[in-house]
Amino acid sequence: MKVRKYNIWTIGCQMNEADSRHLGSQLEALGYAMTETPEEADLVVLNTCVVRQQAEDRAVGRLRFVDQLKKKNPDLTVGLMGCMVGMREAPRLKKQFPFVDVFMPPSDPGPLMDFLRESQDGNEDDDARIEEIRSKNLQNAIQDEEYILPALQRTNTVQANVPIVLGCSHACTFCVIPYRRGPERSRPAEDILKEVRKLVAQGVREIMLLGQIVDRYGTDFEEDYGLAELLQDVAKIPEVLRIRYLTGHPNYMTDKIIEVTRDEPKVMPHFELPVQAGNDKVLVDMKRGYTCDDYRALIERVRRICPDNTINTDIIVGFPGETEEEFQGTYDLIKELELDKVHLAKYSERPKTIAARKMEDDVSDADKESRRLRIDELVDEILTRKNQKWLNEEVEVLVESRHKGKWRGRTPHNRLVFFESEENLRGALVDVKIGFTSPYSMQGELVKVKVPALPQIPDLTKIPMFHRPLKETLNAG
Ligand code: SAH
């Protein structure tokens with residue numbers, strides 16, 4: 001009997017990664033098996049991003065490729081998911097891409113599940129097939145009936161993203177996300193904790209709590225329960241080794257959240273606080289709701305309360321009307337504050353946003369690129385210097401994966417570390433002595449293993465339903 005296979009292509013933010021994981025595990029509960037090869041899939045899903053034109057262009061390119069696949073295999077089911085679909089773009093997209101069978105808003109696999117159930121209705125063959133695969137899934141995976149991780153990811157996914165705030169109700173003038181992900185709503189803490197418990201039962205050791213404005217978690221609850229309380233509750237789950245959260249908004253980072261980050265050993269001292277621009281006029285035009293001095297005060301407060309920290313930020317260069325002088329403000333602010341990693345983007349006009357409707361995208365691409373490069377060089381300089389402080393030091397690393405013959409993991413400050421060892425160390429918490437630093441990674445030697453690796457994974461190639469395992473799966477250990 002032929003096993004139906006699914007393939008999910010994902011682009012964009014961590015939220016999309018989490019949505020794809022949820023979707024994959026639900027498809028497996030329906031009896032589908034994952035394949036990495038879209039050509040042999042019966043179901044292909046594209047999980048899309050439109051935060052910048054470039055991401056949207058890639059999704060459109062992938063849609064053309066899937067159109068060709070469907071021409072060769074008319075039985076192929078095609079699903080389109082994520083911010084391209086948003087809450088109301090489906091009718092327009094259906095006209096543009098008529099070969100797409102199902103459209104799913106971000107974080108909502110519902111329409112696809114309904115479609116698949118309907119198309120399987122009354123087909124006894126399918127019922128038998130689903131039962132058979134279900135029982136196979138259960139035998140071969142960890143003894144857990146919950147499909148929280150797609151089977152191929154069980155016992156080899158060290159870090160998992162968990163959405164805690166869905167949507168966004170801010171109206172930053174450049175940003176399309178509120179139009180596509182709907183209004184802000186916090187997930188009930190019980191749901192989140194349940195998901196985390198299932199994830200760690202299947203091997204996950206680091207939890208990344210996600211929200212467009214993660215520090216607004218719980219502001220829509222009646223009770224007084226926010227991100228600080230949630231962090232403490234997640235930390236109580238014994239198998240969780242590390243917790244991070246992103247992305248914060250400067251206006252909502254409370255002392256309490258910073259204190260919990262300092263006091264709770266499992267919460268990593270890692271802050272993501274997008275400033276977007278370092279000029280007050282541009283910040284007003286972006287409708288960010290703070291000034292450069294407010295941001296300076298925030299950084300000062302984070303550093304005072306939680307002195308051991310890493311602070312990353314997001315910057316957009318070339319926002320409409322941004323002059324050379326205004327850009328210089330952004331450059332100077334990063335230099336002055338010595339922030340850590342900068343997620344850097346050139347402004348990209350997005351449909352329906354206030355900036356697209358009311359402002360002219362008048363900074364030339366050459367200027368945007370030159371501004372981007374200047375910030376890039378500055379951040380290189382800062383990180384080169386900052387990372388040197390770890391040279392010859394021992395740092396704690398949570399090992400995530402194997403990369404070009406080395407183990408790859410992260411420090412509490414989210415620095416990437418590579419080191420060699422023949423042992424299986426996936427998921428282990430180890431100490432590494434740093435012997436080499438660069439702006440974006442460090443290398444060192446293994447000193448000791450503090451928490452042992454995840455149990456050796458089974459050889460998934462032996463399981464017929466998994467045609468091709470994930471690339472990294474078999475290289476481990
Ligand atoms: N909610 C967070 C970040 C979410 S969007 C915040 O705004 O603080 C992720 C990043 O994409 C943003 O921080 C911003 O830097 C970038 N971004 C969003 N819209 C953009 C646009 N139109 N052009 C370029 N970059 C954009």
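Only heavy atoms go into these numbers, but all of them, side chains included; no hydrogens, no water, no symmetry mates. All ligand and atom numbering here is 1-based and tracks the order in the structure.
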Among protein heavy atoms, which sits nearest to atom 19 (N) of ligand 1, and what does the distance come to when rounded to 0.1 Å?
F174 CD1, 3.3 Å

Identify the closest protein heavy atom to atom 24 (C) of ligand 1: which residue and atom is it, and at what distance?
K346 O, 3.3 Å

Whether the [X] and [Y] side chains hold a donor-acceptor pair (N or O, under 3.5 Å, no angle test) is what I'd like checked.
{"X": "H413", "Y": "D308", "result": "yes"}
{"X": "R350", "Y": "Q53", "result": "yes"}
{"X": "E28", "Y": "Y6", "result": "yes"}
{"X": "N47", "Y": "S20", "result": "yes"}

Please state which part of [X] comes within less than 4.0 Å of ligand 1, counting heavy atoms only: side chain, backbone, both or neither.
{"X": "H343", "value": "neither"}
{"X": "I177", "value": "side chain"}
{"X": "V51", "value": "both"}

Can you list the ligand 1 atoms lying under 4.0 Å from a non-hydrogen atom of [X]?
{"X": "Y347", "answer": "23 (N), 24 (C)"}
{"X": "P274", "answer": "8 (O)"}
{"X": "A345", "answer": "24 (C), 25 (N)"}

W390 six-ring face occupied by R415 cation (under 6.0 Å, within 45°)
no

Should the ring pair [X] and [Y] be called parallel, tilted or perpendicular, given that the plane angle runs from 0 to 90° and is split at 30 and 60?
{"X": "F271", "Y": "Y245", "value": "perpendicular"}
{"X": "F418", "Y": "H403", "value": "tilted"}
{"X": "F97", "Y": "F99", "value": "perpendicular"}

For [X], is at least one N or O under 3.5 Å away from an N or O on ligand 1?
{"X": "R52", "value": "yes"}
{"X": "D314", "value": "yes"}
{"X": "Q276", "value": "yes"}
{"X": "S348", "value": "yes"}

Identity of the nearest option to atom 7 (O) of ligand 1, non-hydrogen atoms only, from R216, Q212, Q53, R288:
R288

Heavy-atom count check: over 12 atoms from other residues, nucleotides or ligands less than 6.0 Å from E325 CD?
no

I'd like to know if R350 contacts ligand 1, where contact means a heavy-atom distance under 4.0 Å to any ligand atom.
yes

